Protein chains: 2
Amino acid sequence: MAAMADGKSSEQEIVRDRMTGGEEIDFELIELLFFAYRDFISDPDAILFKKGFGRAHHRVVHFVNRNPGMTVADLLETLRITKQSLARVLKQLIDSGYICQLEGPEDRRQRRLYPTKAGRALALELAKPQSRRIAKAMSGREKDMRETVLGFLGGMRDGGDK
Amino acid sequence: MAAMADGKSSEQEIVRDRMTGGEEIDFELIELLFFAYRDFISDPDAILFKKGFGRAHHRVVHFVNRNPGMTVADLLETLRITKQSLARVLKQLIDSGYICQLEGPEDRRQRRLYPTKAGRALALELAKPQSRRIAKAMSGREKDMRETVLGFLGGMRDGGDK
DNA sequence: AAGATAGGTCAGCAAGACTGACGCATTGAC
DNA sequence: GTCAATGCGTCAGTCTTGCTGACCTATCTT
């Protein structure tokens, strides 16, 4: 469990004023990112739930469709999870016929991942409501908005400064 | 478990071409949102881990600091989780002295939530690296970028069209 | 032949979401 | 004044999706 927040009773004093960032911190943007992402994944979540899948399956289906022929190692790198975590959902997707594995053409240890037609269809179905949401958020301002948002989100990534 | 993806063997055909959105679907933005959000929450995650807390604690601390005096019901609405899920993390935060509850002044059934000084400090500490990341992503382009991004993220929210 | 690599798998743990049920204090309507 | 509704807490159990550590096979590299 967590440590007690310091013995000094002053630390326990109640704070009644709203936390605003001032010049310092952009709480508005921080919050908005939380709300936007929460709602953004809610659409596919609902679709997946009906099929007995979860978010983890979504990610796998998405990236395999975006990069057909990627190896398991590639996928692990992209998702940044352990192979044991991946194994569970990947196995379910293979058993259900959404993804299949082919032996690597040069290196036969590799399992190249490809979507089936059903897998491609699923990926598209999941992307559609998300795309609609994005279109709504841009609503007519695509021209000035998309490039800016792309730049911003790219810069938010870990290696995104170059 | 999940249903088999249709008996038709054509559904099992391997698809080898990369899924691109064409005019239809903005996969680039969809992916970028995933990567950006993943890295965005990784900074506070690391800090929280050392204190024995998780993401759920972050959200609670954040919103209580942003809206001191909010009720438990308000918080449930904001986070969109069940009270049983909230109860666990809230209790830990109260026990650790980061948040405290005061009886509602009008309605004594309510528990108004306030941060302690330690709670305020924690919220700020968690926000700092996120704010730094945002600043980096904007790097000198704050002027044209912030309003656009704010508009975009606002539009991504469920009620965000008005 | 030996070691490194790609991948699969078993077993167990934890966080954080969920459901359903129930208890207690307080409020508000009748 | 009684009683239902409300705000909140809590017990018990489930599920997904992360994690660790250990160990196995097949294949490639040296």
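In the text below, chain A, chain B and the rest are named by the order of the sequence lines, each starting its count at 1. As a basis for the values below, the full set of heavy atoms in this structure was taken, side chains included, without hydrogen atoms, waters or symmetry mates. Small disclaimer: the values here were computed from a predicted structure and weren't measured.
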**Q** What is the distance, rounded to the nearest whole Å, between atom CZ of A:Phe49 and atom P of D:dC15?
**A**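 To the nearest whole Å, that distance equals 12 Å.
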**Q** Which of the following nucleotides, C:dT27, D:dC28, C:dG7, is nearest to the side chain of B:Asp107?
**A**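 That would be C:dT27.
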**Q** Starting at the 5' end of DNA chain D and moving along, which residue's nearest nucleotide shows up first, B:Ala73 or A:Arg55?
**A**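 The residue closer to the strand's 5' end, by nearest nucleotide, is B:Ala73.
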**Q** Is B:Leu122 close to B:His57 at the side-chain level, that is, under 4.5 Å between some pair of heavy atoms?
**A**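 In short, these two side chains do not touch, never coming nearer than 4.5 Å.
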**Q** Nearest to the B:Arg59 side chain among C:dG7, C:dA17, D:dT6, which nucleotide is it?
**A**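 Comparing C:dG7, C:dA17, D:dT6 against the side chain of B:Arg59, the answer is C:dA17.
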**Q** Give one of base, sugar-phosphate or nothing for B:Glu103, where a contact means two heavy atoms less than 4.0 Å apart.
**A**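 The answer is nothing, as B:Glu103 stays clear of every strand by at least 4.0 Å.
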**Q** Rounded to whole Å, please give me the gap between CG in B:Leu48 and C1' in C:dA14.
**A**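 B:Leu48 atom CG is separated from C:dA14 atom C1' by 16 Å.
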**Q** C:dA17, D:dC28, D:dG7: which one has an atom nearest the side-chain heavy atoms of B:Ile81?
**A**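 Given the options C:dA17, D:dC28, D:dG7, the side chain of B:Ile81 is closest to C:dA17.
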**Q** Once you round it to whole Å, what is the distance between C1' of C:dT26 and CZ of B:Arg108?
**A**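 Nearest whole value for this atom pair: 7 Å.
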**Q** At under 4.0 Å between heavy atoms, what does A:Arg112 touch on the DNA or RNA strands: base, sugar-phosphate, or nothing?
**A**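 Counting heavy atoms under 4.0 Å across all strands, no contact is made by A:Arg112.
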**Q** Quick one: does any side-chain atom of B:Arg120 pair with a main-chain N or O of A:Asp17 as donor and acceptor, under 3.5 Å?
**A**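 Flag set: sc B:Arg120 to bb A:Asp17 pair under 3.5 Å.
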**Q** Under a 4.5 Å side-chain heavy-atom rule over Ile, Leu, Val, Met, Phe, Trp and Tyr, are A:Leu32 and A:Ile25 clustered together?
**A**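 Per the 4.5 Å side-chain linkage, A:Leu32 and A:Ile25 are co-clustered.
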**Q** Would one find a side-chain N or O of A:Thr82 under 4.0 angstrom from OP1 or OP2 of D:dG18?
**A**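 The answer is no; no side-chain N or O of A:Thr82 sits under 4.0 Å from OP1 or OP2.
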**Q** Between C:dG16, D:dC8, D:dT17, which one does the side chain of A:Ala56 approach most closely?
**A**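 Between C:dG16, D:dC8, D:dT17, the one nearest the side chain of A:Ala56 would be D:dT17.
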**Q** Using OP1 and OP2 only, check whether a side-chain N or O of A:Ser85 sits under 4.0 Å from D:dC19.
**A**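 Indeed, a polar side-chain atom of A:Ser85 lies that close.
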**Q** Among C:dG16, D:dT27, C:dG7, which is the nearest nucleotide to the side chain of A:Arg109?
**A**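 Out of C:dG16, D:dT27, C:dG7, the nucleotide with an atom closest to A:Arg109's side chain is D:dT27.
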**Q** Report the distance from atom CG of B:Asp45 to atom P of D:dC19, rounded to the nearest whole Å.
**A**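 Taking CG of B:Asp45 and P of D:dC19, I get 12 Å after rounding.
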**Q** Per the atom types in the model, does the base of D:dG9 pair as donor or acceptor with the side chain of B:Lys83 at under 3.5 Å?
**A**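 Answer is yes: a donor-acceptor pair is held.
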**Q** I need the CD-C1' distance between B:Gln110 and C:dC24, as an integer number of Å.
**A**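 Going from CD in B:Gln110 over to C1' in C:dC24 covers 16 Å.
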**Q** For the residue pair B:His58 and B:His62, does the interplanar ring angle fall in the parallel (under 30°), tilted (30 to 60°) or perpendicular (over 60°) class?
**A**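 Correct class here is perpendicular.
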**Q** Using heavy-atom distances to pick each residue's nearest nucleotide on DNA chain D, tell me which of A:Gln84 and A:Gly104 is more 5'.
**A**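 Result of the comparison: A:Gln84.
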**Q** Hey, which of these two, A:Ala87 or B:Gly54, hits DNA chain C nearer its 5' end, going by closest nucleotide?
**A**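 Mapping each residue to its closest nucleotide by heavy atoms, the 5'-most match is A:Ala87.
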**Q** Report which part of the nucleic acid A:Arg88 touches: base, sugar-phosphate, or nothing (heavy-atom distance under 4.0 Å, all strands).
**A**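 Here A:Arg88 touches the bases of the nucleic acid.
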**Q** Could you tell me how far apart A:Arg111 (CZ) and D:dC28 (P) are, to the nearest whole angstrom?
**A**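 After rounding, the reported distance stands at 10 Å.
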**Q** What integer distance in Å separates A:Phe53:CZ from D:dC15:P?
**A**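 Checked: the CZ to P distance equals 17 Å.
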**Q** Within the distance-only criterion (no hydrogens, no angle test), does the side chain of B:Asp74 pair as donor or acceptor with the backbone N or O of B:Thr71 below 3.5 angstrom?
**A**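 A pair under 3.5 Å: yes.
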**Q** Taking only side-chain nitrogens and oxygens of A:His57, does any of them come within less than 4.0 Å of OP1 or OP2 of D:dT17?
**A**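 Indeed, a polar side-chain atom of A:His57 lies that close.
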**Q** More than 12 heavy atoms of other residues, nucleotides or ligands under 6.0 Å from CD of A:Glu24: yes or no?
**A**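 Counting other residues, nucleotides and ligands, CD of A:Glu24 stays at 12 neighbours or fewer.
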**Q** Rounded to the nearest Å, what distance is computed from the CG atom of residue A:Leu86 to the C1' atom of nucleotide C:dA6?
**A**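 Value for this atom pair: 13 Å.
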